[in-house]
Amino acid sequence: MVSNSLPPPPALDTLNEEQSIALFLDFDGTLVDIADTPDSIEVPGDLSQRLGSLHERLEGRLAVVSGRALADLEKHTGELSVARAGSHGSDCRDAGGAAIGAEPKDLAKDTRDSIAEFAEAHGFSLEVKTHGAALHYRSDPTLEHKGLQFAQALAEERGIIVKQGKCVIEFVADEANKASAVRAFMETTLFAGSTPVFIGDDVTDEDGMRAANELGGFGIAVGDRPSENARYGLASPAAVHHWLQL
């Protein structure tokens with residue numbers, strides 16, 4: 001991994017004049033600052049409208065790609081009129097809300113119950129998602145080792161997928177990730193032939209950046225973090241807003 005001493009990207013309008021840009025935006029840590037719990041984030045009241053304007057500037061080639069379930073995402077943003085993918089790429093929708101790709105799989109009830117019981121017993125904050133679940137431990141980072149041990153054992157026993165992010169351990173039922181979301185959107189008529197740019201702040205966003213690279217585009221890493229797949233860097237969500245002219 002290389003440190004994020006990366007140059008800032010050229011202006012978005014300049015890039016889009018040179019080639020048709022398709023933007024893929026992570027949410028937590030990229031469009032909004034990370035908070036102690038998933039529900040305590042502060043979201044600008046007009047963020048949905050700002051993203052709608054960006055959608056128009058890019059002629060529709062914009063997608064929000066979040067680890068959150070889409071219902072939870074829109075609980076914070078209000079109704080989105082742009083393409084979006086939730087649960088780390090498991091649930092992809094176009095701007096009108098129509099599904100793209102295969103129907104996402106869900107975790108079995110006994111698996112959900114096991115995760116909930118572990119969270120309650122060991123002091124984790126449980127996030128229940130439409131197509132998965134997550135254990136948060138930002139309030140007590142010392143829980144990381146215990147959480148990972150549990151997650152790895154459960155994954156081996158139940159055949160599920162575990163993803164680790166910033167003080168969070170995610171559980172999903174299949175191999176969908178942010179790379180598969182990028183590829184699914186890039187296969188649609190609207191996005192096809194454009195240059196994909198993925199912006200994200202966490203290790204789970206590296207998948208999306210890698211897919212963007214493979215499809216002729218690039219990644220932009222947010223914050224002071226190592227990245228193997230980013231070409232450029234932006235310091236914070238505020239810097240992302242500035243670069244996007246939101």
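Side chains included, hydrogens not; waters and symmetry mates left out as well; all remaining heavy atoms used.
At a threshold of 4.5 Å between non-hydrogen side-chain atoms, the residues Leu234 and His242 do not count as touching. For the pair Val197/Leu12, no side-chain contact is recorded, criterion being any heavy-atom separation below 4.5 Å from C-beta on. Ile34 is listed as a side-chain neighbour of Asp201, based on a closest heavy-atom distance under 4.5 Å. Leu107 is not listed as a side-chain neighbour of Arg158, based on a closest heavy-atom distance of 4.5 Å or more. Residues Thr195 and Leu15 fail the side-chain proximity criterion, which asks for heavy atoms closer than 4.5 Å.
Glu206 places a side-chain N or O within 3.5 Å of a backbone atom of Glu228 that can act as its donor or acceptor partner. The closest donor-acceptor contact from the side chain of Asn229 to the backbone of Gly219 lies at 3.5 Å or more, if one exists at all. Side chain of Trp243 to backbone of Ala238: no donor-acceptor contact under 3.5 angstrom is found.
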(request) For the pair Asn213 and Phe198, evaluate side-chain contact (heavy atoms from CB on, under 4.5 Å) and give the outcome as yes or no after the intermediate values. (result) CA-CA 9 Å; Asn213 290 336; Phe198 195 102; over 6 Å; no
(request) Could you please spell out the steps behind the side-chain contact (heavy atoms from CB on, under 4.5 Å) verdict for His136 and Thr37? (result) CA-CA 7 Å; His136 294 267; Thr37 65; over 6 Å; no
(request) List the steps and the verdict of side-chain contact (heavy atoms from CB on, under 4.5 Å) for Leu47 and His241. (result) CA-CA 10 Å; Leu47 180 59; His241 280 236; 4.0 Å; yes
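Closest non-hydrogen pair, Ala69 versus Ser87, comes out as CA-OG, 3.7 Å. Here the shortest heavy-atom pairing between Tyr137 and Gly165 reads OH-O, 4.4 Å. The heavy-atom pair separating Asp207 from Ala179 by the smallest distance is O-CB, 3.2 Å. A pairwise comparison of heavy atoms in Ala184 and Thr188 identifies O-CG2, 3.5 Å as the closest pair. Here the closest heavy-atom approach between residue Thr30 and residue Gly200 is recorded as OG1-CA, 3.4 Å. Nearest heavy atom pair, residue Met186 against residue Ser194, reads CE-O, 3.3 Å.
Leu80 and Leu70 fall within the same hydrophobic cluster, where Ile, Leu, Val, Met, Phe, Trp and Tyr residues are linked whenever their side-chain heavy atoms come under 4.5 Å apart, directly or through other members. Linking ILVMFWY side-chain heavy atoms closer than 4.5 Å, directly or via other members, places Ile115 and Leu148 in a single hydrophobic cluster. Linking ILVMFWY residues whenever their side-chain heavy atoms come closer than 4.5 Å, directly or via other members, places Leu126 and Ile169 in the same cluster. Cluster membership check: Leu62 shares its hydrophobic cluster with Leu246, using side-chain heavy-atom separations under 4.5 Å among Ile, Leu, Val, Met, Phe, Trp and Tyr.
In this structure, the separation between CE on Met209 and OG1 on Thr204 is 9.0 Å, given to the nearest 0.5 Å. A distance of 8.0 Å separates CG of Leu244 from CD1 of Ile220, quoted to the nearest 0.5 Å. Taking CG of Leu6 as the start and CZ of Arg225 as the end, the distance is 9.0 Å to the nearest 0.5 Å. If you take CG on Asp39 and CG on Asp72, they are separated by 6.0 Å, rounding to the nearest 0.5 Å. How far CG of Asp94 is from CZ of Arg84: 7.5 Å, rounded to the nearest 0.5 Å. To the nearest 0.5 Å, the span separating CG on Leu154 from CD1 on Ile160 amounts to 4.0 Å.
Taking Thr189 as the reference, nothing meets the side-chain contact (heavy atoms from CB on, under 4.5 Å) condition, with sequence neighbours excluded. Applying the side-chain hydrogen bond (donor to acceptor under 3.5 Å, both in side chains) criterion to His55, with sequence neighbours excluded, gives no partner residue. Contacts of Ser81 classified as side-chain contact (heavy atoms from CB on, under 4.5 Å), with partners at least two apart in sequence or in another chain: none. Judged as a side-chain contact (heavy atoms from CB on, under 4.5 Å), and not counting sequence neighbours, the contacts of Ala85 are Val65, Cys92, Ala181, Phe185. Gln149 pairs by the side-chain hydrogen bond (donor to acceptor under 3.5 Å, both in side chains) definition with His145, not counting sequence neighbours. Under the rule for a salt bridge (Lys or Arg N to Asp or Glu O under 4.0 Å), the partners of Glu59 that lie at least two apart in sequence or sit in another chain are Arg61. Remark: Pro237 pairs with Asp33, Val222 by the side-chain contact (heavy atoms from CB on, under 4.5 Å) rule, at least two apart or across chains.
Legend: salt bridge (Lys or Arg N to Asp or Glu O under 4.0 Å) pairs involving residues 176-196, not counting sequence neighbours, sorted by first then second residue: Asp26-Lys178, Lys178-Asp205, Arg183-Glu214. Judged as a ring pair (Phe, Tyr, Trp, His ring centres under 6.0 Å), the pairs with a partner in residues 201-221 (not counting sequence neighbours) are, in order, Phe218-Tyr232. Screening residues 130-157 for salt bridge (Lys or Arg N to Asp or Glu O under 4.0 Å), with sequence neighbours left out, gives no hits. The list of ring pair (Phe, Tyr, Trp, His ring centres under 6.0 Å) pairs with a residue in residues 14-51, not counting sequence neighbours, reads Phe24-Phe191. The salt bridge (Lys or Arg N to Asp or Glu O under 4.0 Å) contacts involving residues 5-14 comprise Asp13-Arg57, where partners must be two or more places apart or lie in separate chains.
Enclosure of atom NE2 in His122 by more than 12 non-hydrogen atoms of other residues, nucleotides or ligands within 6.0 angstrom is indicated.
Between Arg68 and Asp28 a salt bridge is recorded (basic side-chain N to carboxylate O distance below 4.0 Å).
Ser48 and Glu79 share no side-chain donor-acceptor pair at under 3.5 Å.
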